[in-house]
Structure formats: structure tokens, C-alpha cells
Amino acid sequence: MLEAAGATATAVRRPAELEAVDALVVPGGESTTMWKLADVFDLLDPLRIRIKDGMPAYGSCAGMIMLADRIQDGIDGQQTIGGIDMVVRRNAFGRQVDSFEADLDFVGTQVHAVFIRAPWVESVGPEVEVLATAPPGDRIVAVRQGPLLATSFHPELTGDTRVHEYFVQMVKEL
């Protein structure tokens, strides 16, 4: 999706690889596993430093959880990279069987969103821009704070590159 959006994608698994990139995508997956692996591979602190220093990053689903400053319903001791002044609730939309799809208004365009055991944003700080909401109750599902973007849905599953294009454009403008 990044390459289709005009970027060059490189895997990041170690601190040296992190230092070699201009921006980062934190993908969907399982946030507790991602936290534990980032800790084992000595990436947590380097990630936090790069984010604090202004490196652009985009997190989808579990990546949204990883970019949140605070989480609800995490496991005991669960940590995040942080960077976005928000509270995210893990698995807020329900279990795997509760996964769903919805059309959303995302920064002025309609996107088809796939939600799989997705989080939602409980609250945001004053510097956070809400980019999209979803039912029920207009739950916050996409946000931006400066060079950081997060969605609770998986745009890579639809074949629609507009969310990734939005991120690539963010990186180019910074």
C-alpha cells in the first residue's frame, strides 16, 4: 500500500533499521505482542525517542493502540510507544466475531473501513484532530496529532490507497 501511494517501504525490526527510515507505519496485529517484541528487540525506547523527536508515524488498529499515550483494557503493565494525546480502548468494538465494515467520511472523502477486533478512541487532548468517526455513537476511529496518524480500521485490506496516500503526503509536507 505504501509503494502504491508513492513511498518506499522497508521493514524495521531493529534499532539500526529504525534510524535509517524517515517515517514509520505501525501495523495492525496484537498490541500486547507488539509491545513485548519491541521490548525484547530493544526498540521501545528508540521508537519513543524518534516519535518524540518528530518522526512521522501511522498506526492502524493495534498500531493506533501503540501510538496512544494511554490505553484502557490493556493487560497488566502493557506499555505503548505513545505520542498521540488520546485514550484508546482495546477491542472496543468487540471480539473477532464482531468484526465489521463501514463507509466513513475520512478527511472529506468516503473510505470503506474494515474493523477487526478494533479499538476506538475514548478521548483526545486539545492538539488531536479527529479525522473520522464510526457507529455506534460516532466513535472516534481516526486521528492526527502533528506528524502522527492513527486509524482503528485496516485500510490495507480494501485495496484503497487513500489513507496511505494521506500519510505519505503528511510525510512529504513535514
S.K.: State yes or no: do Met55 and Met66 share one hydrophobic cluster built from I, L, V, M, F, W and Y residues joined by side-chain heavy-atom distances below 4.5 Å, directly or via other members?
M.R.: yes
S.K.: Which heavy atom of Ile51 sits nearest a heavy atom of Gly83, and at what distance?
M.R.: CG2-CA, 3.9 Å
S.K.: side-chain contact (heavy atoms from CB on, under 4.5 Å) with Leu67: which of Thr80, Val88, Ile84?
M.R.: Ile84
S.K.: Which residues pass the salt bridge (charged side-chain N to carboxylate O under 4.0 Å, His left out) test with Asp105, not counting sequence neighbours?
M.R.: none
S.K.: Looking at Arg90, Arg117, Arg89, which one forms a salt bridge (charged side-chain N to carboxylate O under 4.0 Å, His left out) with Asp73?
M.R.: Arg89
S.K.: Treat each ILVMFWY residue as a node, draw an edge where side-chain heavy atoms are under 4.5 Å apart, and state whether Leu148 and Ile65 are in one component.
M.R.: yes
S.K.: Okay, side chain of Arg144, backbone of Gly146: is any donor-acceptor separation there less than 3.5 Å?
M.R.: yes
S.K.: For residues 33-42, tabulate all N or O donor-acceptor pairs below 3.5 Å that involve a side-chain atom, not counting sequence neighbours.
M.R.:
unit_1	atom_1	unit_2	atom_2	d
Thr33	OG1	Glu30	OE1	3.3

S.K.: Are Trp120 and Met86 co-members of a hydrophobic cluster defined by side-chain heavy atoms under 4.5 Å apart?
M.R.: no
S.K.: Give a yes or no on whether Val128 and Ile140 share a hydrophobic cluster (residues Ile, Leu, Val, Met, Phe, Trp, Tyr; joining criterion: side-chain heavy atoms under 4.5 Å apart).
M.R.: yes
S.K.: Taking the side chain as every heavy atom from C-beta outward, state whether Met64 and Val121 have any pair of such atoms under 4.5 Å apart.
M.R.: yes
S.K.: Side chains of residues 167-174: which donor-acceptor partners sit under 3.5 Å, not counting sequence neighbours?
M.R.:
unit_1	atom_1	unit_2	atom_2	d
Gln169	NE2	Glu173	OE2	3.2

S.K.: Would you say the side chain of Val114 lies within less than 4.5 Å of the side chain of Ser99, judging by non-hydrogen atoms?
M.R.: no
S.K.: Is the side chain of Thr109 donor-acceptor paired with the backbone N or O of Phe106 at a distance under 3.5 Å, no angle test?
M.R.: no
S.K.: If every non-hydrogen atom of Met1 is compared with every non-hydrogen atom of Asp160, which pair is closest and at what distance?
M.R.: CE-O, 3.0 Å
S.K.: According to a hydrophobic-cluster definition based on side-chain heavy atoms being under 4.5 Å apart (Ile, Leu, Val, Met, Phe, Trp, Tyr only), do Phe115 and Leu149 belong together?
M.R.: yes
S.K.: Report the residues that fulfil side-chain hydrogen bond (donor to acceptor under 3.5 Å, both in side chains) with Arg50, sequence neighbours left out, ordered by chain and then residue number.
M.R.: none
S.K.: Are Asp103 and Gln110 close enough that some pair of their side-chain heavy atoms sits under 4.5 Å apart?
M.R.: yes
S.K.: Please say whether more than 12 non-hydrogen atoms of neighbouring residues, nucleotides or ligands are located less than 6.0 Å from CG in Asp98.
M.R.: yes
S.K.: How many angstroms lie between atom CG of Leu44 and atom CD of Gln79, to the nearest 0.5 angstrom?
M.R.: 6.0 Å
S.K.: If the test is side-chain contact (heavy atoms from CB on, under 4.5 Å), which one of Val111, Thr151, Leu131, Thr161 qualifies with Tyr166?
M.R.: Leu131
S.K.: Output a table of donor-acceptor pairs, distance under 3.5 Å, between side-chain atoms of residues 8-20 and any protein atom two or more places apart or on a different chain; print 'none' if there are none.
M.R.:
unit_1	atom_1	unit_2	atom_2	d
Glu17	OE1	Arg13	N	2.5
Glu17	OE1	Arg14	N	2.9

S.K.: Hey, does the side chain of Ser152 reach the backbone of Pro119 with a donor-acceptor pair shorter than 3.5 angstrom?
M.R.: yes
S.K.: For Tyr58, which of Val163, Val26, Leu24 qualifies under side-chain contact (heavy atoms from CB on, under 4.5 Å)?
M.R.: Val163
S.K.: Quick check on side-chain contact (heavy atoms from CB on, under 4.5 Å): which of Leu43, Ile49, Leu47 does Ile81 satisfy it with?
M.R.: Leu47
S.K.: Is the shortest side-chain heavy-atom distance between Arg162 and Pro155 below 4.5 Å?
M.R.: no
S.K.: Enter the distance from Ser60:OG to Ile116:CD1 here, rounded to the nearest 0.5 Å.
M.R.: 10.0 Å
S.K.: Mind checking side-chain hydrogen bond (donor to acceptor under 3.5 Å, both in side chains) for Gln145 and listing every partner two or more places apart, or none if nothing turns up?
M.R.: none
